[in-house]
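Below you'll find the structure, written out as structure tokens, and then a few comments.
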Amino acid sequence: MVFSPTRRTFLTAGLVGAAPLVLSGCDVFGLAQSQGVNDALGSSEDLARHVQRLLGGEALAPEFEEAEMSPVFRTNGNTMPADSAYQALAQRNFAGFSLAVDGLVERPMQFTLAEIMAMPSRTQITRHDCVEGWSAIGKWTGVPLARLLDQTGLKQDARYVVFHCADDFSGSKYYESIDLDAAHHPQTILAYGMNDAPLPIGHGAPLRLRVERQLGYKQAKFVMRIEAVASLDSLGAGRGGYWEDAIGYDWYAGI
Ligand SMILES: Nc1nc2c(c(=O)[nH]1)N[C@H]1C(S)=C(S)[C@@H](COP(=O)(O)O)O[C@H]1N2
Ligand SMILES: [Mo]
């Protein structure tokens with residue numbers, strides 16, 4: 001055991017409680033675009049992230065039994081990218097697909113689906129929590145993201161991993177990002193299987209991210225390219241993800 005209950009209570013009350021205060025203070029003054037507030041937002045999110053690490057360390061998200069799997073796992077968000085290149089790949093059952101891993105890596109690489117499926121895999125039964133208020137338990141099979149990053153290597157200045165997706169909302173492609181701790185977490189996988197079957201298109205075929213200690217919108221579907229970056233500033237509006245930029249969802253989104 002790492003912390004006594006007293007210490008845990010203290011940390012939770014003292015630190016987790018502090019982060020929303022910083023945020024609402026920013027909103028009250030309507031300064032959301034100013035640099036100072038971006039710094040404040042950054043540090044409060046950093047704080048929430050560090051507190052989760054402090055309390056849970058590299059803890060695993062809960063895993064469930066087969067009997068606990070949801071009979072229906074609904075889809076959400078986009079269920080079929082409009083992109084014609086994606087649709088051409090889908091028609092060939094993704095035979096011509098390859099995943100690009102580039103940016104601040106030592107060796108930019110392309111991985112075919114066959115190569116990815118030949119790598120060591122992980123299967124996990126986890127609960128997906130959507131911020132809109134629904135959850136579902138499903139079984140995911142895929143390659144640990146850490147195995148791909150082992151192959152490409154990361155440059156010293158890499159701090160985040162960005163997922164570029166095939167689908168869009170009104171012409172803006174979906175994207176998400178996670179930090180390197182989440183990227184190397186053992187339950188962070190690029191899933192190609194769901195519930196003992198190939199990942200359906202509606203759930204993000206051919207590859208979708210599972211980053212199990214974070215909310216549903218972080219679980220990027222239709223991942224075409226992974227990019228290692230030093231900063232999220234030049235990605236979209238700079239908040240690290242499609243919904244973060246569009247409607248201000250939290251970037252870290254820990255659960
Ligand atoms: N590319 C992409 N990824 C996405 C979305 C999306 O619309 N496009 N929606 C997100 C949201 S809000 C949720 S809750 C989950 C839904 O995953 P599911 O369709 O497998 O249930 O995917 C997330 N990842
Ligand atoms: Mo969601």
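Each ligand, and each atom within it, is numbered from 1 in the order the structure gives.
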Mark up the atoms of ligand 1 that fall under 4.0 Å of a heavy atom belonging to [X], in ascending order.
| X | answer |
| --- | --- |
| F222 | 1 (N) |
| C165 | 1 (N) |
| F169 | 7 (O) |
| C130 | 14 (S) |
| G202 | 19 (O) |
| G77 | 7 (O) |

Quick one: does R208 get a heavy atom under 4.0 Å from ligand 1?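 Yes, R208 has a heavy atom closer than 4.0 Å to ligand 1.
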Going by heavy atoms, is A220 under 4.0 Å from ligand 1? yes
For [atom], find the nearest protein heavy atom and state the residue, atom name and distance (0.1 Å precision).
| atom | value |
| --- | --- |
| atom 23 (C) of ligand 1 | G216 O, 3.2 Å |
| atom 20 (O) of ligand 1 | H203 ND1, 2.6 Å |
| atom 1 (N) of ligand 1 | D167 OD1, 2.7 Å |

Listed partners of D83 passing side chain to side chain contact (heavy atoms under 4.5 Å, CB included), at least two apart: A85, Y86, K173
Per atom 5 (C) of ligand 1, closest listed option by heavy atom (Y174, F163, W134):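 Looking at heavy atoms only, the winner is Y174.
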Selected option - heavy-atom contact closest to atom 14 (S) of ligand 1, from R74, Q219, H128: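 Minimum heavy-atom distance to atom 14 (S) of ligand 1 goes to H128.
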